[in-house]
Amino acid sequence: MRTATRLVWLEARRTPTRPIRAAVTLTVLATLALVLITLLDTLEQRGTGLLRAVDADLVVFNEEARQQVLRSRVPRPATIGVGFVDGVHEVGVLSVVPSTVTHDGEQLRSMLVGFNARTPAEPTRVLEGRVPTDGEPNIVAVDAALHRAGIDVGDRIVLGGSLEVEVVGVVAEAMFLQQPTVWAPPDVWARTGARAFPERGYAEALVGIGLVQVQIGEDPAEVAPAIVADLREEDLDVEVVALAEAIRAVPGASAIRVTFGSLVLLALVVIVVVSAGLALLQVDRDRALHAELRALGAPPGLLSATLLLRLGVVWLLATTAATLLTASLAAAVPPAVPLAVRPITLAATAVMLALAIGVGGAVGLTRLRGVDPAELLGGRG
Amino acid sequence: MTEDHGPQRSTDDADTPSGGGEPVLLAEGLRRTLGEGATAVTAVDEVSLEVARGELVAVVGPSGSGKSTLLAMLGALSTPTAGRVRIGGVDPATLDERGRGRLRARRIGFVLQRPALVPFLTVLENVALAGQIAGLADREAQARAAELLTALELEGRTDHRPAALSGGELQRVALARALLNDPVLVLADEPTANLDAARGRAVVSLLAEHTRGRGRAGVLVTHDAAVAEVADRTLHLEDGRLLTA
């Protein structure tokens, strides 16, 4: 291993152009992969961030809503009843209405979210300040997307063009249907919602969805039918689904996954195959050197370690450069462009490329070992 | 089908000294078939030869006659389909891959037609690498490499990279690398193919000097009759079979 490390180090130091040339090609592929994955991920996050921001196991919709958050109307007294169902630990309510936020004369589209504090409906990550508690008048929290647009803690904003409120906190980005969110106590939400859509009869008595946390050790899949049965006794037909299923049912989420996701997947397959091919070619280029080292008596471990370490250097250079490039690109584009790089995306892309290179290198090495030594010596003469 | 050579021995068995009267290189009934079924080609067929201590043997034959395939078997780089090889009393077929590597590193020196030196290492480092692979300490390997390069009149080129060397110089570096571990057997595959006549003769003379002067054995594969004249014996290979022993 020492000799292999020394050889790879000396090559990188004395003839950096060779690993750099391969690294540049791989950087282009890695950057493309990162940008595509990030676009898909950001689109999905911005479509479903609201439901990802809460800590719940189950979501309760009224049956006619067909798992659509904006259409769901579950009466508040019914949600209180859910709290008494066997296996339920806690229940909260979440109501969403499309609205606007006016700040410094600029009007932005947003989703107004009414929620119960200290329940599964409360956003889990508070970045600054605090979230409002139930009953507090005329205060809200905004998500990071609105914070990026210039709204800070202490600012006063106008909801729905009529209700002025104070911002007391910033929560992690929790966009819904590509719109930023404003988190308000239920009464603030009901007042704004009633003003926005008086014909729908918004009131504190009607909420959107129920969010349920089950007790530790309970299986959400077993608790869900119990909730449905319990509410049916009160003549209320509801649909109770796992949070992940509710996220998948968000309008547009499945369309993004199926159409854009398929294109991204296809591109990733091409990137993986090309990366593996690049690694294979890198190994193949060292055929003569491999023959010479083998003739000198180099053990198989030294040959494998030298080739794989060299590929490792190329991978490290490429992933680092691709990360920097993608992060710079994400910082340079307008916030409306769905390009928010997450560490998990970087890690997944790095692992994907490492696997592709590893497989390509291993195939190259196996091919090299299978070559007749006479051919490696310079012909079959 | 490979002959049964009994259980494989551990790596250190490659260092076992040879028996007293046994030739340095002994090959018996070597055959090497490439490919399978209808496409199978017998590259080397029933080749037997012996090379004694202090002897340089030339193997000549036209292109495609199986010279390199034979050399690969004699150098423990490939396993014969049938027959056996003993190098300094050791049968490579009884060793595992690591053991064969050690055998090559410590007992065999290869000089190839197109020496593939490591391009980013200096001449001195390239030669010393053979010693490091054989387990020598870095300092000792470098000292021996410097000594050999001086003997081969390359002392002014030790810090150069291979790309800066002429064909003749490259071949002399390859020879220095092959001789670094003082191998009992030197195998040279067309070492003069890329050199002019004078430089070719010089390289072969050095090879002959090593085998005769130091009591080692050498096999020189060539298609050049003039080069073969330097050898003590010449074997003719055609279609994989030896015509003259």
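By convention in this document, chain letters (A, B, ...) are assigned in the order of the sequence lines, proteins followed by strands, and residues within each chain are numbered from 1.
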N/O donor-acceptor pairs under 3.5 Å from side chains in residues 23-33 of chain A, not counting sequence neighbours:
| residue | atom | partner | partner atom | Å |
| --- | --- | --- | --- | --- |
| A:T25 | OG1 | A:R21 | O | 3.2 |
| A:T27 | OG1 | A:A23 | O | 2.6 |
| A:T31 | OG1 | A:T27 | O | 2.6 |

_A:T42 and A:R46: side chain donor to acceptor below 3.5 Å_ = no

*Are B:T122 and B:D159 linked by a side-chain donor-acceptor pair shorter than 3.5 Å?*
no

Heavy-atom proximity to chain B below 4.5 Å, by part of [X]:
{"X": "A:R6", "answer": "side chain"}
{"X": "A:L296", "answer": "both"}
{"X": "A:R2", "answer": "side chain"}

_Is it the case that atom CZ in A:R148 sees more than 12 heavy atoms from other parts of the structure closer than 6.0 Å?_
yes

*Would you say the side chain of A:T349 lies within less than 4.5 Å of the side chain of A:T345, judging by non-hydrogen atoms?*
yes

_Exam field: side chain B:T94 to backbone B:D91, donor-acceptor pair closer than 3.5 Å_ = yes

*Taking B:N181, B:L187, B:L121, B:V118 one by one, which has the highest count of heavy-atom pairs under 4.5 Å against chain A?*
B:L121

Under 4.5 Å heavy-atom distance to chain A, tell me which part of [X] shows up: side chain, backbone, both or neither.
{"X": "B:E125", "value": "side chain"}
{"X": "B:T222", "value": "neither"}
{"X": "B:L129", "value": "side chain"}

